[in-house]
Amino acid sequence: LVWGLAQPDRPSSAAENRSLAQRPAMRRVVTDFGGFAKDFESYAADQFPDREQLIGVYTALELAQGKKFARKAYCLQGGWLLTKPTPTKPADLSALQQALAQAGALDRPLVWCVLPLKNEALYDLEPAYFSDETGKTNKQALTAALAQVEGLTVIDAEAPLVTGTLADRERYFYKTDFHWNARGAFAAAQEIARQLAGAGTIAETSVPQAEDFLWSELGGERRYQGDLNVWFSNQFSMQEDIPRYVPKNAADLRYFLHPGDIESVPRETIVGSGLDKDPLTYNDVFTYNLGYYRVENPAAPEAASVLILKDSFQNATIDYLSAIFRSVTVVDPRSYQETPDLASLLDADGIDLVLFFYHQNNVSRELIDFLSA
């Protein structure tokens, strides 16, 4: 107890992917002793000395028993880690519909891009232990709700990631991470561009091809820190493919970090800003979940300015999208520092088209709040 109390409190647990209880105020001993005792018990458990190391030992014992589900994730053949989705709440879908209807009144085309998950693509990885029925149900409910929003176009980006052999589909994702890799992000972004071209939103000649980019592989010289591997105290291998693609004209692109900025910042301030690290994380290779940034491409085939509202899956697609549009403004409602005001943002950045990039299980409360402000 003395050892634990002498240590600084940790704000969160990487292995458990959650915030940890903090020390309750001592004055509650007099005003609310029962509540204080309950909260102190949680605090003592969460701040137990060497908790992360003990969790690592416990995790290793679970894996040694051959468990296929541990630490809230599936542990499947070949070292693949997949999360277990939770059902989408109807109330959240209803709130999303209302928020999108409000955004539609601002007289800009709205396009929702449904992004596939690793669970959906690797449905037959180890079917005796794993299925994605909840994910399928979530996707059906989401697309049904989105179809009722007047003026909203829905694009399903799954096609290239769910077809082909299992080996083909495995190439699109990190084994120990929640996210896709650059190959998966590229394939999905290209599918979205093809469907935009099919709808006449962009020209067919504006759809970038693989040869329009410079490709590299970082996995031979760097390790990869998958976010799901953190849950397992890095019990799984960090040797993974780490593909990367960069526009051939990257030197001509201009990057802006805040709304209204006229002075650009170096590319590595926003894209690939963690490439000097080892091991690398998903965000190190692409972008972090920045609240706002803007990319301008004077040589883009499309003159339109686009606003993207997104979750972390979009991070790996920015180089593809900035090869299409003259200006791409990216806003992550989870970390947006300005006062939410969609109408002002659309006018300030001269936005012609609004794209939503969210994975199929994500009905983002932060997005709803942002659109409803």
Practice problem: Kindly confirm or rule out a cation-pi arrangement of K310 over F357, judged by NZ or CZ under 6.0 Å from the six-membered ring centre and within 45° of its axis? | Solution: no
Quiz item: Mind checking whether Y358 and W112 have ring centres under 6.0 Å apart?
Solution: yes
Quiz item: Would you call K68 and E126 a salt bridge, taking side-chain N to carboxylate O under 4.0 Å as the test?
Solution: yes
Quiz item: If you count the non-hydrogen atoms of other residues, nucleotides and ligands that lie under 6.0 Å from NZ in K38, is the total more than 12?
Solution: no
Exercise. Report yes or no: do N315 and N289 form a side-chain donor-acceptor pair below 3.5 Å?
Key: yes
Practice problem: Scan side-chain atoms only and decide if R222 and Y224 contain a donor-acceptor pair under the 3.5 Å cut-off. | Solution: no
Quiz item: Is it true that the NZ or CZ of K84 lies under 6.0 Å from the centre of F69's six-membered ring and within 45 degrees of the ring axis?
Solution: yes
Quiz item: Is the shortest distance from a Lys or Arg side-chain nitrogen in D212 or K248 to a carboxylate oxygen in the other one below 4.0 Å?
Solution: no
Quiz item: Charged N to carboxylate O under 4.0 angstrom, R28 versus D39?
Solution: yes
Quiz item: Should the pair K67-E62 be classified as a salt bridge under the 4.0 Å nitrogen-to-oxygen rule?
Solution: yes
Quiz prompt | Heavy-atom neighbours of E204 CD exceed 12 at 6.0 Å | solution = no
Quiz item: Between W231 and F178, is the gap from one ring center to the other below 6.0 Å?
Solution: no
Quiz item: Got a second to check how far D332's CG is from I308's CD1, nearest 0.5 Å?
Solution: 11.5 Å
Quiz item: In terms of side-chain geometry, is the basic nitrogen of D347 or R108 positioned less than 4.0 Å from the acidic oxygen of its partner?
Solution: yes
Quiz item: Would a line drawn from the ring center of Y174 to the ring center of W180 be shorter than 6.0 Å?
Solution: no
Quiz item: Is a side-chain donor-acceptor pair under 3.5 Å present for S327 with E296?
Solution: no
Self-check item: Aromatic ring proximity Y293/F256, centre distance under 6.0 Å
Solution: no
Quiz prompt | Between S364 and E366: side-chain donor-acceptor atoms closer than 3.5 Å | solution = yes
Self-check item: Pair listing, salt bridge (Lys or Arg N to Asp or Glu O under 4.0 Å) test, anchored in residues 187-199, at least two apart
Solution: none
Quiz item: Does E120 pair with K139 as a salt bridge, N-O distance under 4.0 Å?
Solution: yes
Exercise. Could you go through the salt bridge (Lys or Arg N to Asp or Glu O under 4.0 Å) check for R294 and D261 one step at a time?
Key: CA-CA 9 Å; R294 187 173 76 255; D261 279 359; over 6 Å; no
Self-check item: Gap between atom NE2 of H359 and atom CG of L142 - 0.5 Å precision
Solution: 10.5 Å
Quiz item: Are F313 and I324 joined in one hydrophobic group, where the rule is that I, L, V, M, F, W and Y side chains link up if heavy atoms are under 4.5 Å apart?
Solution: yes
Quiz item: Going by distance alone, is a donor N or O of one side chain under 3.5 Å from an acceptor N or O of the other, for R183 and Y172?
Solution: no
Quiz prompt | E211, CD: over 12 other non-hydrogen atoms inside 6.0 angstrom | solution = yes
